[in-house]
Amino acid sequence: MDITANDVAEWMLKEVRFAGILYQQDAVNYILANFGEEFIYVNENGNQSIAKEVKKIFKKLHHGKAAWDRDGFFWGWTGP
């Protein structure tokens with residue numbers, strides 16, 4: 001079975017809902033180890049980041065219930 005960006009985004013949603021928080025670096029490390037490097041890119045600051053397509057799907061899946069903290073580089077669950 002081929003892994004898709006949707007699979008990665010669904011994993012991110014489960015993680016942030018279960019733990020209440022998902023640090024970007026932890027997500028990057030897990031994605032690299034379990035889904036593959038095609039879902040990671042190096043951003044303009046030289047840091048590894050999650051592919052834009054994955055983040056776009058993740059945003060649709062969480063329906064505004066996960067908030068990005070720019071200072072802490074994590075998503076926090078805000079929904080019920």
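Sequential numbering from 1 along the given sequence is applied to the chain's residues. A quick note: this is a predicted structure, and the numbers were derived from the prediction, not measured.
- Shown here for A51 and E38, the closest heavy-atom pair between the two residues is CB-O, 4.5 Å.
- Atom CG of residue L61 and atom CG of residue L13 lie 5.5 Å apart, to the nearest 0.5 angstrom.
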(message) K60 vs F58, test: side chain to side chain contact (heavy atoms under 4.5 Å, CB included). Steps then yes/no.
(response) CA-CA 5 Å; K60 285 181 185 176; F58 174 64; over 6 Å; no

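- Residues satisfying the side chain to side chain contact (heavy atoms under 4.5 Å, CB included) test with K52, not counting sequence neighbours, are Y41.
- In this structure, Y23 shares a hydrophobic cluster with I21, F74, the cluster being traced through Ile, Leu, Val, Met, Phe, Trp and Tyr side chains under 4.5 angstrom apart.
- Grouping Ile, Leu, Val, Met, Phe, Trp and Tyr residues whose side-chain heavy atoms lie under 4.5 Å apart, directly or via other members, leaves V42 alone, with no other cluster members.
- Considering all non-hydrogen atoms of both residues, A9 and V54 come closest at CB-O, 3.7 Å.
- Q24 approaches W68 most closely through the heavy-atom pair OE1-CH2, 3.4 Å.
- Pairing each heavy atom of K55 with each of I50, the nearest pair is CE-O, 3.0 Å.
- Remark: E10 engages no residue in a salt bridge (charged side-chain N to carboxylate O under 4.0 Å, His left out) (not counting sequence neighbours).
- Considering every non-hydrogen atom in both T78 and A66, the closest pair reads OG1-N, 4.0 Å.
- Between the side chain of D69 and the backbone N or O of D71, at least one donor-acceptor pair lies under 3.5 Å.
- By the side chain to side chain contact (heavy atoms under 4.5 Å, CB included) test, Y30 is found to be paired with W11, N34, F35, residues two or more places apart in sequence or in another chain being considered.
- Contact check for V16 versus M12: no side-chain heavy atoms found under the 4.5 Å cut-off.
- Interatomic distance, N6 CG to K56 NZ, rounded to the nearest 0.5 Å: 11.5 Å.
- Taking 4.5 Å as the limit, every side-chain heavy atom of W75 sits out of range of all side-chain heavy atoms of E15.
- Here the shortest heavy-atom pairing between F39 and I3 reads CZ-O, 3.6 Å.
- Evaluation of the side chain to side chain contact (heavy atoms under 4.5 Å, CB included) rule for Q25 yields V28, N29, Q48 as partners, not counting sequence neighbours.
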